[in-house]
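See below for the structure under consideration.
In what follows, every chain begins at residue 1, and chains take the letters A, B, ... in the order their sequences are listed.
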Amino acid sequence: MSLVLYDTLTRQERSFVPREEGKASLYICGPTVQGDAHIGHGRAAVVFDLLRRHLEWSGLEVTHVSNVTDIDDKIILRARRERVDPAVIATRYTRAWNRTMDALGVLPPHVQPYATGHLLEMQALITTLIEQGKAYAVDGDVFFRVRSFERYGRLSGRQVDDMQQGEDVVDADRKEDPLDFALWKAAKPGEPAWPSPWGDGRPGWHIECSAMAAKHLGHGFDIHAGGLDLVFPHHENEIAQHEAAHGGVFARTWVHNGMVRMGEEKMSKSIGNVVSLEDAIATYGVGPLRLWYLSAQHRTPLTFDTDRLHDATTVHARFTTFLRSARRAADGVEPAGDIATRHRDAFRAALDDDLNAPVAVASLHELVGVGNELLPAAERGDADARAQVAALADALEELGDRVLGLDLGGSLADAAGLEAQLGALVEQLLEQRQQARADRDFAAADAIRDQLAAAGVVVEDRPDGPRWYAGTPAGA
RNA sequence: GGCGGGGUGGCCAAGUGGUAAGGCAGAGGACUGCAAAUCCUUUAUCACGGGUUCGAUUCCCGUCCCCGCCUCCA
């Protein structure tokens, strides 16, 4: 494949050359399970799901690891508020996360490691760092000695000496240097704690990803991905921990997605302008929601507003409408050879170019445009047109569903279930309507059409008679 | 203050040193009893000022504006 990705570390687009021929190793920073997922999480999930699907579609065998941070200050805080064990919170929101990701059409990771399941790996890494003089223990805490790692700041483009050294540094009294960060935190009363060489305590946030990524993907794996807001300090620290301890390269390529904004602001829990992912899926549907996520290049900010979601809904309807018509007109027809090649090539080239999803979607629009032109001939029974329409429909499902996860075929399948149930009833009403039309009693005919529309059945009058389907009209 | 990303038609959004994809919306037309769906036609000199160049929206400098990170965060 000839995929090019923008790499945050080198700040340039680089050809993707896997560590191991034919395979790709992918670590995607997962959630801290302390609350429901929001549409910002959804963007990261969809962007990197696209990356994975594109890699697989290109023939690579992908190993996708995505962690769950199941021990952390906020989990403890929430547990305290609800008067339950932190593990209850972590389990609840891990399950909710996985359920929502499933609803979003995100392929599940091959390995979903839990922080609390990797304490020994983390402690081993910390021990190595201490032995090398790159970390130090103070009263049960262990800190990373930032200035001992000369490449610190490379990922986020900072000079260590330029870093703001705020007055309110946590644990300032025990740190050698305000820049140092915690690898291990000594237990406080009432908090979950695990035994360690430095006393009971729990891991710092960053250490888990260093330990788990290396364990499940090895040293120098291919792609580490996450939100742009994780670049500093999280990913910077992950690199420092791993590379200080082991030398070499932690991850070969760093891919980051841009933030979701609400109006002119970033969406974030601290501002309180958060839209739940589950609600968004329920309101707009997976396909339109994913189209919205894919409407901008993955590194640029993306603004949430209902007009844009509405646009995405319209686009989704255009695609499903063509697919529905194409399947009817060319059901079971042997697809023609290469009519879709041009679109497939354009689509692939777009994604190869740093996952240029907007251009990939544009190639789908062009495919659908060609298909719609051929549709009348196909519906008349023209054999060539039917074969071409069949090929375009196949390509649309392959690219739109398999690679972009737009749930085109799924939407039609859902509708088909309803149609099977409603069929007899609708057919009878349509007969009455045809009679009314023949009698030029258009008021009666329109009344039936309105009635059906209210029940979720769309009627279209075609040259060869009425046609109907379960759903709402496009653009409604 | 440090670092980074942006300002493209009414809206969204690609892109290139040789006068700018695609979508949404709008307008007109075809089709229709009316619709729906679909098709056709139609709307931009790319924030501003300099510079480099035969030629810049695309390269350089400056200005203005927006946004993100620098603290938990996808």
Starting at atom [atom1] of [X], determine the distance to atom [atom2] of [N], rounded to an integer number of angstrom.
X: Ile71(A); N: rC72(B); atom1: CD1; atom2: P; answer: 17 Å
X: Leu430(A); N: rA35(B); atom1: CG; atom2: C1'; answer: 15 Å
X: Leu228(A); N: rU71(B); atom1: CG; atom2: P; answer: 15 Å
X: Arg467(A); N: rC31(B); atom1: CZ; atom2: P; answer: 19 Å
X: Asn273(A); N: rA74(B); atom1: CG; atom2: C1'; answer: 14 Å
X: Phe181(A); N: rC70(B); atom1: CZ; atom2: C1'; answer: 16 Å
X: Glu236(A); N: rG4(B); atom1: CD; atom2: C1'; answer: 13 Å
X: His235(A); N: rG68(B); atom1: NE2; atom2: P; answer: 20 Å

Rounded distance in Å between the [atom1] positions of [N] and [M]:
N: rU38(B); M: rU57(B); atom1: P; result: 37 Å
N: rC24(B); M: rG62(B); atom1: C1'; result: 37 Å
N: rA44(B); M: rU58(B); atom1: C1'; result: 16 Å
N: rG22(B); M: rG28(B); atom1: P; result: 23 Å
N: rA56(B); M: rU45(B); atom1: C1'; result: 11 Å
N: rC61(B); M: rU52(B); atom1: P; result: 15 Å
N: rG15(B); M: rG6(B); atom1: C1'; result: 15 Å
N: rA25(B); M: rU43(B); atom1: C1'; result: 12 Å

So, does [X] use its side chain to make a donor-acceptor pair with the main chain of [Y] at under 3.5 Å?
X: Asp222(A); Y: Leu26(A); result: no
X: Glu238(A); Y: His206(A); result: no
X: Asp7(A); Y: Trp254(A); result: yes

Give every residue pair that meets the side chain to side chain donor-acceptor pair (under 3.5 Å) criterion with at least one member in residues 362-375 of chain A, sequence neighbours excluded. Arg318(A)-His365(A)
Run the salt-bridge test on Arg433(A) and Asp441(A) with the 4.0 Å N-O cut-off and return the result as yes or no. no
Short N-O contact, Asp180(A) and Arg174(A), less than 4.0 angstrom: no
For [N], the Watson-Crick or wobble partner whose two distances fall under 3.5 Å:
N: rC3(B); answer: rG68(B)
N: rG26(B); answer: rU42(B)
N: rG9(B); answer: none
N: rC31(B); answer: none
N: rU57(B); answer: none

When you measure only distances, ignoring hydrogens and angles, does the side chain of Asp446(A) come within 3.5 Å of the base of rG33(B) through a donor and an acceptor? yes
Donor-acceptor pair under 3.5 Å, Asp461(A) side chain vs rC34(B) base: yes
Regarding [X], tell me which of base, sugar-phosphate or nothing describes its non-hydrogen contacts under 4.0 Å with the strands shown.
X: Arg437(A); value: base
X: Gly258(A); value: base
X: Glu366(A); value: sugar-phosphate
X: His256(A); value: nothing
X: Ser156(A); value: sugar-phosphate
X: Gly40(A); value: base

Without hydrogens or angle criteria, can the side chains of Asp72(A) and Gln34(A) be said to hold a donor-acceptor pair below 3.5 Å? no
Contacts of type salt bridge (Lys or Arg N to Asp or Glu O under 4.0 Å), residue Asp446(A), not counting sequence neighbours: Arg449(A)
Report the nucleotide, chosen from [options], that has the shortest atom-to-atom distance to any side-chain atom of [X].
X: Glu460(A); options: rA36(B), rU71(B), rC34(B); value: rA36(B)
X: Arg261(A); options: rA37(B), rC67(B), rA74(B); value: rC67(B)
X: Ala362(A); options: rG22(B), rC69(B), rC72(B); value: rG22(B)
X: Ala445(A); options: rA35(B), rC70(B), rG33(B); value: rG33(B)
X: Arg462(A); options: rG33(B), rA37(B), rG22(B); value: rA37(B)

Tell me whether the side-chain N/O atoms of His41(A) come closer than 4.0 Å to OP1 or OP2 in rA74(B). yes
For nucleotides 12-14 of chain B, give me every protein contact, N/O to N/O, under 3.5 Å, one pair per line with atom names.
unit_1	atom_1	unit_2	atom_2	d
rC12(B)	O3'	Arg308(A)	NH1	3.4
rA14(B)	OP1	Gln297(A)	N	2.7
rA14(B)	O3'	Asn356(A)	ND2	2.9

If the condition is ring pair (Phe, Tyr, Trp, His ring centres under 6.0 Å), which residues does Trp97(A) pass it with, not counting sequence neighbours? His41(A)
Taking only residues two or more places apart in sequence, or in another chain, which ones meet Tyr284(A) in a ring pair (Phe, Tyr, Trp, His ring centres under 6.0 Å)? none
Judged by nearest nucleotide, the residue sitting upstream toward the 5' end of RNA chain B, Arg449(A) or Val260(A), is Arg449(A)
First encountered from the 5' end of RNA chain B, between Asp72(A) and Val315(A): Val315(A)
Restricting both atoms to N or O, compile the protein contacts to nucleotides 38-42 of chain B shorter than 3.5 Å, with distance only.
unit_1	atom_1	unit_2	atom_2	d
rU38(B)	O3'	Asn372(A)	ND2	3.2
rC39(B)	OP1	Asn372(A)	ND2	3.3

Would you tabulate the nitrogen or oxygen pairs shorter than 3.5 Å linking the protein to nucleotides 57-61 of chain B?
none

For Thr8(A), which residues count as a side chain to side chain donor-acceptor pair (under 3.5 Å) partner, sequence neighbours excluded? His256(A)
Using side chain to side chain donor-acceptor pair (under 3.5 Å) as the criterion, list what pairs up with Arg462(A), not counting sequence neighbours. Glu379(A)
For Ala416(A), the side-chain contact (heavy atoms from CB on, under 4.5 Å) test, sequence neighbours excluded, returns Glu419(A)
Which pairs count as salt bridge (Lys or Arg N to Asp or Glu O under 4.0 Å) when at least one residue sits in residues 28-51 of chain A, sequence neighbours excluded? Asp49(A)-Arg53(A), Asp49(A)-Arg290(A)
Salt bridge (Lys or Arg N to Asp or Glu O under 4.0 Å) pairs, two or more places apart, involving residues 150-159 of chain A: Arg151(A)-Glu243(A)
